[in-house]
Amino acid sequence: MSLAQVHYTSAAPGDEGTAGRFTAVGPGVSGALLAEIEPLVRYELPDGVPERPSDGELRSLPQAFGYFALSDGSRLVARSAPVRDTGGTGAGVRFHAHAVHLPPGVPLPDDRLPVEAWRSPHWVAVTPGGTIPDPLTLPPGPAAVSEGLDDFAVSRGPWLAAVLADLRRASDAEAAGRPVALVERQCADVARWLGLASVTLPRESAERLTFTTYTRRPGSSASRVVGVGPEDAGAARAAGLRVHECAGPAPAGSTEDVWATTAARVWRSRSPELFREARELPGEPFAAGPLAVTALCAGIALGPDGRAAAAGWAADRPYALDARRTGQLVEAIASPGIDDRTAPEFDAAGRLFGALEGRCPASVTAPLAAMLVTEAVRGGNGSLELPRRDAFAGPEGAEVAERLGPEILTELADTVGSRSVARTVQLLRVARLLGVDGTESLPGVVDRLAPALLAEASAAHEGPPGFAPALLELLDEQFEVRTALLGALDRIAPQDPGAVARFLERVALPFTGTQALPHLRMCAEVPEAMATLGGDRAAVWHRVLRAAGLSPFAEPLVLRTAVGLVWEDRAPTVEEARLLLDAATSDSHRVAGTWARLVDAALSTSDAGTSAAGTSATGRYATGTDEAARLAHDLLRGFPGEIGGRERAGLLLLDLVRELRTGAPEPGWAERVRTLCAQAEPVEPALRERAHAALVERLLAPDRPGAELYDFVHGADAELIAAYDRTARTEAVRTRLRTQPAYAADCFTVWTAHPHAGRAWPPVAAALLDDVLRPAVRGMSAEDVAEVEATVGRTGSSGRADAFRAWNRSSTLGRLGRRIAGRVRRG
């Protein structure tokens, strides 16, 4: 069909106020389209053009060749060129635009691409008088713009990948990115860039790439790709375009677009036919894999990202390549001359080996297998998927084993340097793959590996640690390693059972076989026991101990493991400690070291005792203090050689509390309390309070020895005297004073007997007389008061009885005087 042509020329001299006019318009081009076309075909001369250029200067001026999408879905291919003004003096420069209109859905003749019409011989620089050939109807064969593209691509090597990446983005129908500005001194080079894109991009993408090879106003251009001269690069950058200054110094850095980088290598290798071959392979249009595979099979060297893309693509499609190209690809990826491989590339190569293994002859996959195990040993890549053992059954495997075996054994035998769990696991697995005998070094390896497992797992985030999958594969592959490692973990479990239990929660080790492994079985049992039995720690302890399958009498260390699991971060209560003590002999606790946890339980006295106000005299001690004191007594008797220092002093203090409450302690109570508290420093405050309370309760008892009371009073210990004062003011003592005249008489005697015993006692005694004893006597009957007076006289002297009468009378007179004063005030 015949396509409509349009001609437009700039205004002649003297046509002020007009930019130009259409001089010829083909059929079917409406006035609305002309209004849209006019700004697209306008032309501005570069700076510095002479007013009367020579023919050579005129020919060197840029031509604007463009391909535009119009609002109605039609397209326009146009060329705007400077021409000499022949209407006036013949010396000026005007421009002439020649365009071809493509209605919607109509392709270019012979299904050509727009850029191929760049050098069409049918573009004219004057308005024709009659019909002229269609500029888009090109001669058969390659268009002129395709000639020399290889040389051009090589000359633009530093910019090639970045420009191709941006041209790909510009051709995306859904992309809303910035237009691309190509800065070249010659507009023909911009056309060559577009020629590179037309070969590199898929056909549908190249057809969407609107462009103009030259413009002075890049910011207002409607094209996705614009060519500008060096003088307009700043304007393009200010307008927000993605600018590539191909006419300047080579750019620094590189693009991360693997497809574009691979395409650039193909062009520099002068092999553009590979783009067509790559498009015949399955995959997304701009996936790097198909192009990278095609390039590698053609012998083009790629970087690590390109090789990884090729290996990954082939691993996902192991049947997409024939045997010849599969061999070429493996040979290229596993080439021994490559020294820049990366971890992602090795991972992709491992996946490729797994996809090809069993589908291809071993001779094809052997280079990949050798590369992978060499990297595992020398590169330290612990995440590699290793080949199966049968991959090294042939002579290739023997050669790799001979080369790598000594290195593996040397590193496994090293006990000085730091080696991660993943590294050790990888070395052990590779040793088995290659048939390397590491029996001699195995005990040392597992003794080092076992604590490293716990340390790395505790330092990792929640969930299974990174080495877990490879470790489980190792244990599944190698029975001797599994046996040795589980045994080593079982041996260290009593030292830190909590860490082992947490490790087993994150890594399910296989220890369900015939090995005893009592400690590992206990560590594995405790989470479920805790969840089932809740806060009943005694029941959890019994269940965990049963999981060991051994009696603590036969294997005392199970005691340590069980106690560490149940009471890891706390001391047992007194009742729980009694349960533990009775569950085994003292020898078992001595071997297990659990006697120290029992001592902690006895000395942790925060669960019982009196408050500062003395809320209980005996009841709370009966269950708390007495039990702890009895436990302390048994611990001192059962572990006399193990308990020493402040712990021994604390237990002796508890034992003294027991004797003060239930027996007849050795004389010198107050001094022993002071001495033991000093030896037990830093003593728990509650324990100190219990000891003081037990002492002063005994001193407040009617049957206390007078010598002990004398030593207490004259010891001038302010803290002990304060405890005596608090206990004497409790309701229990007040009740006894009110109801037992003999006890009241005894307290009067004590509280008045030592008026000069230091500074601490006299004020406390005087205050007790006024605040405690006087209210009690005041509430007695006359007969009870008389009995108090008589008892004071019998146990003391007539002078002491006189003193009581005077003290009591002063109280009575005081009350009588207050009554009289009140009556006088009322009168």
Side-chain angles (χ1 to χ4, degrees), residues 2-9 40-41 43 45-46 55-68 75-84 93 95-102 107-128 131-156 163 167 182-201 203 206-207 209-215 223-229 246-247 267 270 272-273 275:
S2 178
L3 299 176
Q5 300 184 38
V6 176
H7 292 267
Y8 182 90
T9 187
L40 299 178
V41 298
Y43 179 90
L45 289 170
D55 291 343
E57 290 172 332
L58 185 65
R59 285 193 298 271
S60 68
L61 293 176
Q63 296 180 7
F65 176 71
Y67 172 60
F68 309 99
R75 290 157 297 152
L76 188 75
V77 182
R79 191 196 73 158
S80 298
V83 295
R84 193 177 301 280
V93 178
F95 77 88
H96 182 86
H98 183 189
V100 179
H101 180 252
L102 296 169
L108 270 69
D110 301 323
D111 207 26
R112 298 294 186 102
L113 288 170
V115 70
E116 295 184 70
W118 162 248
R119 291 298 185 188
S120 172
H122 303 306
W123 295 113
V124 297
V126 295
T127 304
T131 303
I132 63 171
D134 188 340
L136 305 186
T137 303
L138 303 174
V145 73
S146 300
E147 297 176 0
L149 283 184
D150 292 349
D151 293 336
F152 177 75
V154 172
S155 70
R156 295 299 189 270
V163 173
L167 293 179
L182 302 176
V183 182
E184 291 280 5
R185 290 185 175 87
Q186 302 295 327
C187 63
D189 289 334
V190 178
R192 292 186 178 96
W193 275 116
L194 296 165
L196 291 177
S198 69
V199 176
T200 309
L201 302 177
R203 176 62 184 251
E207 289 179 343
L209 202 62
T210 59
F211 59 82
T212 180
T213 60
Y214 169 74
T215 181
S223 301
R224 299 297 297 162
V225 181
V226 296
V228 297
C246 309
W267 274 113
R270 302 177 183 271
E273 70 279 359
F275 293 110

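Quick caveat, the model's predicted, so the values are computed rather than measured.
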Only counting residues at least two apart or in another chain, list the ones meeting side chain to side chain contact (heavy atoms under 4.5 Å, CB included) with [X].
| X | answer |
| --- | --- |
| Arg59 | Asp55 |
| Arg75 | Tyr67, Leu102, Leu108 |
| Ala197 | Leu167, Leu201, Leu209 |
| Thr137 | Pro109, Asp134 |

Please report the shortest heavy-atom distance between [X] and [Y], naming the atom on each side.
| X | Y | value |
| --- | --- | --- |
| Glu207 | Arg203 | OE2-NE, 2.8 Å |
| Ala81 | Gln63 | CB-CG, 4.0 Å |
| Arg185 | Ala247 | NH1-O, 2.9 Å |
| Pro82 | Pro62 | CD-O, 3.6 Å |
| Arg79 | Val124 | NH2-O, 3.6 Å |
| Leu61 | Leu45 | CD1-CD2, 3.9 Å |

Roughly how far, to the nearest 0.5 Å, is [atom2] of [Y] from [atom1] of [X]?
| X | Y | atom1 | atom2 | value |
| --- | --- | --- | --- | --- |
| Cys246 | Glu184 | SG | CD | 4.5 Å |
| Leu182 | Asp189 | CG | CG | 10.5 Å |
| Tyr43 | Thr215 | OH | OG1 | 10.5 Å |

Residues Phe152, Trp267; criterion ring pair (Phe, Tyr, Trp, His ring centres under 6.0 Å); working and verdict: CA-CA 9 Å; Phe152 177 75; Trp267 274 113; 9.3 Å; no
Verdict with reasoning, Val6 to Leu76, per side-chain contact (heavy atoms from CB on, under 4.5 Å): CA-CA 10 Å; Val6 176; Leu76 188 75; 5.5 Å; no
Indicate yes or no: at least one non-hydrogen side-chain atom of [X] is less than 4.5 angstrom from one of [Y].
| X | Y | value |
| --- | --- | --- |
| Glu116 | Ser198 | no |
| Tyr214 | Ser80 | no |
| Arg112 | Leu136 | no |
| His7 | Val126 | no |
| Phe65 | Trp123 | yes |
| Leu196 | Val163 | no |
| His122 | Ile132 | no |

Set of residues satisfying ring-ring contact (aromatic ring centres under 6.0 Å, His included) with respect to His101, sequence neighbours excluded: none
Under the ring-ring contact (aromatic ring centres under 6.0 Å, His included) test, residues paired with Phe68 that sit two or more places apart: none
Trp118 side chain to Thr213 side chain, donor-acceptor N/O pair below 3.5 angstrom: no
Any donor-acceptor pair under 3.5 Å from Thr210 side chain to Arg224 backbone: yes
